[in-house]
Each structure stands twice: as C-alpha cells, then as structure tokens.
Trainee: 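Sharing a structure, written as structure tokens. Questions coming.
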Amino acid sequence: MAAPSATIAYDRITPRVMWQVVIVSAVAEFMIFGIRLSYQLFQSQFVNVEGWSSQESAGIYSLSMLVFGILSTPSGMLLDRFGPRIVFSAGAALLAAGLFLSSMADTPAQLRLTYGLIGGAGLSVIGLGPIAGNIATFVPPELRGRAIGMAFAGTGVGTLVFIPFYTWVMAQFGWRNTFLFQAALSIALIVPLLALGLKNPTHVERTEHEGGNVLAGLGALLRIPLFWVLIVVGLTAMGPLRSLTVHQFAYLEEIGFQRSTAAGYIGLAGLMTFGAYLMWGWFSDRFGRALAFTLGAIALIGAVVLLFVLRQVQLAPLLLLYAVLYGLGEGTRSSQTTALASDIFQSRGPGMVNGVIGGMFGLGAALGPWVVGFLRDETGSYTSGLFVVVGMITVSIVGFIIVAANRQTVKA
C-alpha cells in the first residue's frame, strides 16, 4: 500500500501569514512553558513541605510526559487532518481542565490523574513537536531554523517571567491556588489566541492512497532506518533537560541555596534560552543543524559539571554560569531536532513526523526525571542521576550527527 504524501506550495504563502504563525506560536509557548516548567516549584513543595518522596513527586510529572509521549503522534495526525486552529485550541482547553482539577487534589494519586493524565493529554496536543510541525507547513527549509528558534524562544521568556512569578504566587497563596491561576490563564488567554491567531493551511496538496490511510503513512515512516535513529535522538534530547528542570530546585536547596536565590538565577536561564533559540536558529540555517546541536549539547554537559562543582563551592557566580550554560543547551535540543526532522521527512506530513518526535520528547521527559528521582531515593544523592543525564546527552549527539550526515539517503 502506498503511503499518503504531501506537497507544500511555499510560494503561495505571504510573508505576513508566515510570520504571524511564528509569532502566535511564540506567544502561546511563552505561556504554555511558563506553566509546564513551573512544575519544578511544585516538585520542591511536594518534597520539602508535603513530605512526599522525590520519586513519587517526580512521578506525577513523568506520567504527564508519558501521556504526552503516547498521544503526540495522534495529535500530529489530527493536526495534518483538521488544522491548528481546532486542534491546538482544544488541547489548551484540556490542559486548563487538568490544571483546574489539580487545584483540588490532596494526594499524589489524585495528581497523577488530574495533572498526569488529563493535563498531559492537553500538553501532547500543544507540545513542541506539533507546534514545530505546523511551523514547517508555513516556513520553507532555508528559514526554518530561525523560525522554529523564534517560536521556541517563547519558552525561554516563559521561564524568565513565570518561574519567579509562580514562586511568589505559591509563597502567598499555596500550590493549589497556583494551579487554579494557571487554569484561568489557559482558558482565558491561550485558547482564544490559538483559535483566532493561527491559520489553517490551504497551500498543502495531499496525495492520498487507499482512502487516505494515515496509518499507512506512519507505517512507511517507521520502515526507514534513519528515522529510528532520529527517534533515539528525540528520546535523549529532552530527557536530560527535563531531569534538570524537575530536580534542580530540590538539588540546589539540598546543597544549601535558598529557594528565592535559586529561582532568581534559574529564571535568568530563561533569558539565555530566549537568546539561544534565536542564535542557534540562525546559526543552524547558515552552518548546519548538526554543529548547532553539538555545541548546545556540550554547553548542557558543562551545566551538569557545574552542579557537581556547586556542591563543593557554593558561589553565586557559578550558579549564574550554570544558568548561562543551561540556557545555551536548551536552545538546541527541541528546535534543532524538529527542524532536522522537518527538513528530511516533511513530504510525509509535518504534523505526523513531528508528532512522533514530540512523542519521543515526552517519553524522554517522563523517563529522565523518574530515573533521577529513583536514584536519589535509593542512594541518597543526585550523583548517579547526574551521570545518567550526561550519558543521555552523549547519545543524542552521536545520533544527531548520524542522521544529519546520512539525510541524503532518504527518498522523498
């Protein structure tokens, strides 16, 4: 059975529409990631105030990322079928429902249902993979690195603005009311932004075989060996990053830093991430995705090394350097992976392709924090977990280089 394919007529897209899609995506990700990455504050609260174990607290976030990973591919398929306005706004509404119900939870089991299952399902629809797939539908390859970088830069600003803000909200009103505030933000701002600000693609010509069987397209994609290497890259791209995101506050408090101090410096990582996404996007369009990804990964390894150093030497300038390296590392993980996936496989459906890769982001983000939390509980130290993080980063570098070097072997 021949697989469905798509031809994208980029010459039919006006610059205004193209950049409108990018800007709306950036604003949406600014708010979405402000919510998503604030879980590190809840993690610290659950462990240090509620007295829950590190493993079960991290497990709530890991479950949301597991659901994210499982549902990202169907979300990408829905995106290709129905367009971003309906699909993305529905996902934001589902996220709002999960956050609202989380505000009434009392136990880790209840939060696994509300935040993990319901919230994770909403995040799968509006995750980085589907967002990148939609951008790839409107932006040609020669501009794609900087376009995805610009859209994903919103995630860095979200960290800069919302981590200190949610730290204050949580200190004043508690974690349940923080969830409630996030639910209100989602339904009042994110849903209408996505429903009204995005455009449905009218410039994509699809060739469908056997009744347009999308599963045939997915099956054909999974028969390409190089795509499996890219899947490994996706799995190890976000796993180490989210392991740091979830555990860094608890780690820094454990070694003696005040939460407010840690929040201030880690918030600055958001500013670095904003600039890094823009810089690496331009850099990859000009010098190649593999070099940009590798340099960012080396910076992230440097951030992990600094966490070991900070246990021995608790100096604020070192914490600032950690934030800089963390931001430089985050600025390549998702953006360059989705850009490379779109470059090579866009004819097979950008939504589906990036949905699969986004699913791997989610699975890695589920597995990484859970493993680090498990090792912390078993050994009483974060040391072994941080070595696992370095290992995942190394695997991602090797895989990315292999895919980039062999991209010409893939037939359109």
Side-chain angles (χ1 to χ4, degrees), residues 4-32 75-92 125-157 189-208 212 274-275 277-286 289 292 334-355 357-358 412:
S5 61
T7 301
I8 304 176
Y10 291 108
D11 58 341
R12 290 166 51 188
I13 308 168
T14 66
R16 183 187 67 82
V17 170
M18 181 177 70
W19 293 113
Q20 179 180 334
V21 169
V22 173
I23 292 170
V24 169
S25 299
V27 174
E29 291 302 291
F30 161 69
M31 292 183 283
I32 292 166
S75 297
M77 292 177 173
L78 289 172
L79 175 63
D80 286 336
R81 180 71 180 273
F82 297 107
R85 301 180 76 175
I86 293 176
V87 173
F88 286 161
S89 58
V125 181
I126 50 178
L128 294 178
I131 289 288
N134 185 54
I135 291 171
T137 303
F138 287 87
V139 180
E142 62 269 19
L143 296 173
R144 188 169 293 153
R146 68 199 76 180
I148 293 178
M150 183 182 297
F152 286 12
T155 67
V157 183
L189 295 180
I190 301 176
V191 170
L193 173 68
L194 294 172
L196 302 176
L198 293 177
K199 302 288 185 181
N200 283 330
T202 59
H203 58 285
V204 179
E205 298 175 1
R206 303 191 185 279
T207 302
E208 299 183 333
F274 172 79
Y277 273 124
L278 298 178
M279 179 189 73
W280 291 127
W282 171 84
F283 186 95
S284 75
D285 283 341
R286 180 150 188 177
R289 315 251 189 253
S334 56
S335 60
Q336 296 308 312
T337 306
T338 53
L340 185 64
S342 299
D343 291 346
I344 302 174
F345 299 104
Q346 71 175 27
S347 66
R348 301 171 186 272
M352 180 178 67
V353 168
N354 283 287
I357 299 305

Trainee: How long is the gap from CG on Leu278 to CZ on Arg146, to the nearest 0.5 Å?
Mentor: 11.0 Å
Trainee: Would you name the heavy atoms of Ser25 and Ile131 that are closest together and state the gap between them?
Mentor: CB-CG2, 4.0 Å
Trainee: For Ile190 and Ala92, which heavy atoms make the closest approach, and how far apart are they?
Mentor: CG2-CB, 3.7 Å
Trainee: Considering all heavy atoms of both residues, which atom of Ile135 and which atom of Ala151 are nearest to each other, and what is their separation?
Mentor: CD1-CB, 3.3 Å
Trainee: Kindly indicate whether the side chain of Phe345, heavy atoms from C-beta on, has any atom under 4.5 Å from the side chain of Met352.
Mentor: no
Trainee: For Leu198 and Val24, work out which heavy atoms get closest and say how close.
Mentor: CD2-CG1, 3.6 Å
Trainee: What is the distance from atom CZ of Phe274 to atom CE of Met279, rounded to the nearest 0.5 Å?
Mentor: 13.0 Å
Trainee: Considering only residues two or more places apart or on different chains, which pairs with a residue in residues 125-136 satisfy side chain to side chain donor-acceptor pair (under 3.5 Å)?
Mentor: none
Trainee: Strictly distance-based, threshold 3.5 Å: is any side-chain N or O of Glu29 a donor or acceptor partner for the main-chain N or O of Leu128?
Mentor: no
Trainee: Checking side-chain contact (heavy atoms from CB on, under 4.5 Å) for the pair Glu142/Asp285: CA distance, chi angles, key distance, verdict?
Mentor: CA-CA 6 Å; Glu142 62 269 19; Asp285 283 341; over 6 Å; no
Trainee: Shortest non-hydrogen contact from Ser334 to Phe152?
Mentor: OG-CD2, 3.4 Å
Trainee: Kindly give the heavy-atom pair with the smallest separation between Ile148 and Ala132, and that separation in Å.
Mentor: CD1-CB, 4.2 Å
Trainee: State the CG-CZ distance between Leu340 and Arg289, to the nearest 0.5 angstrom.
Mentor: 7.5 Å
Trainee: Side chains of Leu196 and Ser89: closer than 4.5 Å at any heavy-atom pair?
Mentor: no
Trainee: What's the separation between atom CE in Met31 and atom CD1 in Ile126, rounded to the nearest 0.5 Å?
Mentor: 10.0 Å
Trainee: Could you state the interatomic distance from CZ (Arg81) to CD1 (Ile86), rounded to the nearest 0.5 Å?
Mentor: 11.5 Å
Trainee: Is Asn354 close to Pro130 at the side-chain level, that is, under 4.5 Å between some pair of heavy atoms?
Mentor: no
Trainee: To the closest 0.5 Å, what do you measure between CG (Leu143) and CH2 (Trp19)?
Mentor: 5.5 Å
